[in-house]
Protein chains: 2
Amino acid sequence: MPANTDQQAALRIASGRKPFVEPLRLGERLKEIRLANHWTLEDVSQRTGLARSTLSKIENNQISPTFTAVQKLINGLGIDLPQLLTPPRVQARTMGRRDLTRQGEGQHHPTPTYEHELLSCELAQKRMIPFKTIVRARSFDEFSEWVRHDGEEFLMVLTGEIQLYTEFYEPLQLAQGDSIYFDSDMGHALVSVSEEDAVVLSVCTRGDAA
Amino acid sequence: MPANTDQQAALRIASGRKPFVEPLRLGERLKEIRLANHWTLEDVSQRTGLARSTLSKIENNQISPTFTAVQKLINGLGIDLPQLLTPPRVQARTMGRRDLTRQGEGQHHPTPTYEHELLSCELAQKRMIPFKTIVRARSFDEFSEWVRHDGEEFLMVLTGEIQLYTEFYEPLQLAQGDSIYFDSDMGHALVSVSEEDAVVLSVCTRGDAA
DNA sequence: AAATTCTGTTTCCAATAGTGAATTCATCGA
DNA sequence: TCGATGAATTCACTATTGGAAACAGAATTT
């Protein structure tokens, strides 16, 4: 057995991949998706720009679509490629977890500048971290350094008005209902500028392995 | 058009996907991988069973490989498809991006049951998709099927009161300020139960390559 | 029931992907 | 400078895909 075959096998095993070419279930999968959405071949044709006939042939594994065709498919149907390759059903990630947090019932973490209330903290393995924050700080000086953490953050002002200081931009005034999305490894800090303490809702991405 | 198709479309738009077929950077990517492993076209040919000439043309974007060809490729090279599609390593971290959305200034996507307002849609590559939704539906019957999409979702009621139907649980009543986190591939649907249409803020994880 | 419409399949042909051989390109070494 | 040698590209040809139109079956309408 040639050396590179060994390596090939090693790589395959390492990547947890099946040793031979799959029978290309792509057709079945496409049909499944199509039917699940109550689409006709004509509908899909409209969306993707591929001819009805072509789609029929793909579904019946009579042709192997060109990669551009596959692209049109995933674009037009608004699905992701992994989704298209996912073995028909069965995959069943669907654990159907959920975690309810009633108003004010989160986990409170007071600090001099902020008062955080962690939401949905029953759930351990989640990809986002939502929390409500009462912004106590009234001046940027109250922060000894930038707040900074890996990932991205989304934030909406629920009540009051705040000033958002960021490392690379001019301060930004945000009123109730305004929202912002930013890379949270860029230094940032919030300050209330309204009469009362402002309240904001934040959601951070979890700093998992990229 | 079924309700869940709308949301699917909304998510597609939100995820910053370009509306047309990309110029297929697959060639560059393949070459990159090949060179990184010090493989010659002949080597890759051995491993994949594709002709040298074919590989050359793929690398130079002169042809769009058949899907079977792509399969041979990922099998022979022991790589994953997402890996092959990943844009050639550009995403340097800490870019300090940000995207402000003023109250009501998001991208509106009305549907019979929901009226979505996509927030922060200037930013293309982000890991979360935030949007505000006015819940029009008054009865569960208005949904032709479950709304369902990969990933996880966090949701907080901003105004009004809603009932959250989920595939595996009893319906749940959520008042202003209440929030919930759940696996969004579990079927779900929202219904207003207050006088006015309820408004909720949602954040979905991006269904990226698993 | 006949006609019409809608959906999926099949047929045929033009366009294009895949292949082996020939050609060009690049790097050595004498 | 001039072959060698190995690698990538191009060429000529075959096989396959993709699309328009014809076809067949089912569902609706008249």
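Below, each value reflects all heavy atoms present in this structure, side chains not excepted, and no hydrogens, waters or symmetry copies.
The residue A:Leu50 sits close only to the backbone: its heavy atoms come under 4.0 Å of sugar-phosphate atoms, none of a base.
The salt bridge (charged side-chain N to carboxylate O under 4.0 Å, His left out) search around B:Arg98 returns none, not counting sequence neighbours. Applying the salt bridge (charged side-chain N to carboxylate O under 4.0 Å, His left out) rule to B:Glu196 yields no partners; only residues at least two apart in sequence or on another chain are considered. Here A:Ser184 pairs with A:His149 under the side-chain hydrogen bond (donor to acceptor under 3.5 Å, both in side chains) rule; sequence neighbours left out. Annotation: side-chain hydrogen bond (donor to acceptor under 3.5 Å, both in side chains) contacts of B:Gln103 (sequence neighbours excluded): B:Lys132. Judged as a salt bridge (charged side-chain N to carboxylate O under 4.0 Å, His left out), and not counting sequence neighbours, A:Glu122 has no contacts. By the side-chain hydrogen bond (donor to acceptor under 3.5 Å, both in side chains) test, B:Asp178 pairs with A:Arg102, sequence neighbours left out. Checked against side-chain hydrogen bond (donor to acceptor under 3.5 Å, both in side chains), B:Glu59 has the following partners two or more places apart in sequence or in another chain: B:Arg34.
Note on residues 153-174 of chain A: pairs passing salt bridge (Lys or Arg N to Asp or Glu O under 4.0 Å), not counting sequence neighbours, are A:Arg148-A:Glu167. Sequence neighbours left out, not one pair with a member in residues 61-71 of chain B passes salt bridge (Lys or Arg N to Asp or Glu O under 4.0 Å).
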* Any chance you could list the contact pattern along nucleotides 5-17 of chain C? Use B for base contacts, S for sugar-phosphate-only contacts and - for none, protein heavy atoms under 4.0 Å, 5' to 3'. => --SBBBB-----S

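Residue A:Val200 forms a side-chain contact (heavy atoms from CB on, under 4.5 Å) with just one option from A:Leu174, A:Ile162, A:Leu158, and that option is A:Ile162.
You can see that DNA chain D meets the heavy atoms of chain A within a 4.0 Å-exclusive cut from D:dT17 to D:dA22, reading 5' to 3'.
Between its opening and closing five pairs, the helix from C:dA1-D:dT30 to C:dA30-D:dT1 changes axis direction by 20°, a value rounded to 10 degrees.
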